[in-house]
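The structure under discussion appears below in the form of structure tokens.
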Amino acid sequence: MTDVRNLAASRDALILAHYYQTMDIQRAAGAVGDSFELAKKAASAPQKTLIFCGVRFMAESAKILCPDKTVILPVQDAGCPMADMVTPDDVRKLREKHPGAAVMAYVNTSAEVKAVCDICCTSSSAERVARSLQEEEIIFLPDKNLGAFVAARVPEKRFILFDGHCPIHHRVTADDVNAARNQYPGARILLHPECPPEAVALADGAGSTSWILQQVEQTPPGSRFIIGTEEGIIERLRETAPGRECFILKPGFVCEDMKKTTHDDVVRALNGEIPAVTLDKALMEQARKSLTRMMAVG
Ligand code: 13P
Ligand code: SF4
């Protein structure tokens, strides 16, 4: 098997992997993180080439932030169904209806949507981003669940939520949370805020993928957790938090798109056999405004 780390070094490339990737991809990567951490790593990477093991909106964001770098998404059709739920036309219509509102877009959006929004956010920065806005009214898109989560934490603003969702996290119900609590007594239940609000309300906490990882890693061995997000997180915790017992909230918690990337795809990407992400220059300039505004909030 090709040693991808050595191959990446010889190609002046950085392999970035989201926590939802399979463990062999996470182990091969030079940087692993949630979507916000990966965007920051991409923006500060000294390497000329970025191999983005994630889904398309993540690779596009890296390209927009680093237009002079070659950014490769190893599997061309690794997308995010939630990102596909909102179009620039939807944003225009919402702006017409709510002329005084700021438009805040989850990074899980296309470059075209980012280009017509005011500011981006990730699940870990959403609350900070909402507070940073001067406008009292915020159009939040596309994820109504993350939007409701932020709205509850920033009550001083009025939120208009777009009707989008992540098909994987949106399946979680309040009954699932109650059933898991009965099945694993004493375990802390941690959910991703892409889960519906009625499920989040019954959990012991909700936050981004890196927040969930930190919660588990910071507790002593012997602690028990029920995790309500993509199962790649559980695989990672087996390595980074040995001795803690982690159970998935419900079976089949898998993002098929995130799981498409294989070792061979990464080798092909490093060997220049996969086309790089290309985006129109003017589109990138426009989309960069909302991404860099998010990065400035921190
Ligand atoms: P994070 O921002 O927590 O990495 O989540 C990204 C994502 O797509 C969750 O479904
Ligand atoms: Fe998109 Fe959901 Fe997959 Fe995240 S888990 S990449 S939001 S489909």
Side-chain angles (χ1 to χ4, degrees), residues 14-26 28-29 31-43 49-66 69-87 105-115 117 120-126 141-143 145-146 164-171 192-195 208-210 212 229-233 235-236 252-266 268-269 274-279 284 287 290-291 294:
L14 175 66
I15 302 172
L16 300 130
H18 189 268
Y19 291 129
Y20 293 167
Q21 295 283 297
T22 59
M23 264 330 277
D24 61 328
I25 300 295
Q26 292 191 41
V32 185
D34 69 9
S35 47
F36 189 60
E37 290 162 343
L38 291 175
K40 280 200 292 191
K41 292 251 169 71
T49 299
L50 303 176
I51 309 294
F52 214 116
C53 301
V55 291
R56 179 157 292 277
F57 75 80
M58 297 180 176
E60 280 187 356
S61 296
K63 180 67 188 173
I64 293 163
L65 289 168
C66 325
K69 289 192 199 296
T70 301
V71 179
I72 303 174
L73 177 69
V75 179
Q76 299 291 287
D77 69 344
C80 168
M82 168 155 68
D84 296 338
M85 287 179 190
V86 62
T87 65
Y106 195 18
V107 282
N108 300 39
T109 42
S110 65
E112 287 77 5
V113 167
K114 288 183 177 79
C117 291
C120 286
C121 72
T122 66
S123 56
S124 60
S125 68
L141 55 93
D143 186 7
N145 294 333
L146 178 62
H165 62 270
C166 161
I168 293 106
H169 289 83
H170 193 62
R171 288 186 311 126
H192 195 282
E194 287 177 13
C195 296
S208 72
T209 47
S210 53
I212 293 174
T229 193
E230 215 275 349
E231 62 182 36
I233 294 288
E235 278 186 70
R236 184 168 183 85
F253 220 132
V254 178
C255 175
E256 302 288 349
D257 284 272
M258 280 284 187
K259 294 292 191 260
K260 283 179 177 167
T261 323
T262 66
H263 176 273
D264 287 352
D265 294 324
V266 179
R268 273 195 289 277
I274 313 269
V277 173
T278 52
L279 292 166
M284 284 201 285
S290 53
L291 273 173
M294 167 187 86

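- No donor-acceptor distance shorter than 3.5 angstrom exists from the side chain of Arg56 to the backbone of Ala83, with no hydrogens or angles considered.
- For Met58 against Ser35, the heavy-atom pair with the smallest separation is CE-CB, 3.9 Å.
- Of the candidates His192, Glu194, His170, Asn145 forms a side chain to side chain donor-acceptor pair (under 3.5 Å) with just one, namely His170.
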Trace of the side chain to side chain contact (heavy atoms under 4.5 Å, CB included) decision for Tyr20 with Val55: CA-CA 10 Å; Tyr20 293 167; Val55 291; over 6 Å; no

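- Here the side chains of Leu141 and Val113 are in contact, with some heavy-atom distance below 4.5 Å.
- Between Gln76 and Pro275, some side-chain heavy-atom pair lies under the 4.5 Å cut-off.
- Atom SG in Cys66 sits 10.5 Å away from atom CE in Met284 (nearest 0.5 Å).
- The backbone N or O of Cys121 lies less than 3.5 Å from no partner atom in the side chain of Ser125, so there is not a single donor-acceptor pair.
- Within the 3.5 Å criterion, the main-chain N or O of Thr87 finds no donor-acceptor partner in the side chain of Glu112.
- Considering all non-hydrogen atoms of both residues, Val254 and Lys259 come closest at CG1-CG, 3.8 Å.
- A donor-acceptor contact shorter than 3.5 Å links the side chain of Lys63 to the backbone of Lys69.
- To the nearest 0.5 Å, atom CD1 of residue Ile15 and atom OG1 of residue Thr49 are 11.0 Å apart.
- When atom types are taken as modelled, the side chain of Gln21 and the backbone of Met258 share a donor-acceptor pair closer than 3.5 angstrom.
- In terms of modelled atom types and a separation under 3.5 Å, the side chain of Ser290 and the main chain of Lys114 share a donor-acceptor contact.
- Counting heavy atoms from C-beta on, the side chains of Thr261 and Thr22 never come closer than 4.5 Å.
- Closest heavy-atom contact between Val71 and Ala59: CG1-O, 3.5 Å.
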Please step through side chain to side chain contact (heavy atoms under 4.5 Å, CB included) for the pair Phe57 and Met82, ending with a clear verdict. CA-CA 10 Å; Phe57 75 80; Met82 168 155 68; over 6 Å; no

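- Looking at every heavy atom in both residues, Ile64 comes nearest to Ala287 through CD1-CB, 3.8 Å.
- In this structure, Thr209 and Tyr19 approach most closely via the heavy-atom pair OG1-CD1, 3.6 Å.
- Contact detail for Cys80 and Asn108: the closest heavy-atom pair is SG-ND2, 3.9 Å.
- Thr229 OG1 to Asp34 CG: the interatomic distance, rounded to the nearest 0.5 Å, is 11.0 Å.
- Between the side chain of Asp257 and the backbone N or O of Gly79 there is at least one donor-acceptor pair closer than 3.5 Å.
- Rounded to the nearest 0.5 angstrom, Leu146 CG and Cys166 SG are separated by 11.0 Å.
- The distance from atom CD1 of Ile72 to atom CG of Leu16, rounded to the nearest 0.5 Å, is 12.0 Å.
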Might you work through the ring pair (Phe, Tyr, Trp, His ring centres under 6.0 Å) test for Phe253 and His169, ending with a clear yes or no? CA-CA 8 Å; Phe253 220 132; His169 289 83; 5.3 Å; yes

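- Counting heavy atoms from C-beta outward, Val107 and Phe36 have side chains that stay 4.5 Å or more apart.
- Residue Lys41 holds its NZ atom at 12.5 Å from CG of Leu50, rounded to the nearest 0.5 Å.
- Side-chain contact of Asp264 with Thr262: a donor-acceptor pair under 3.5 Å is absent, judged by distance alone.
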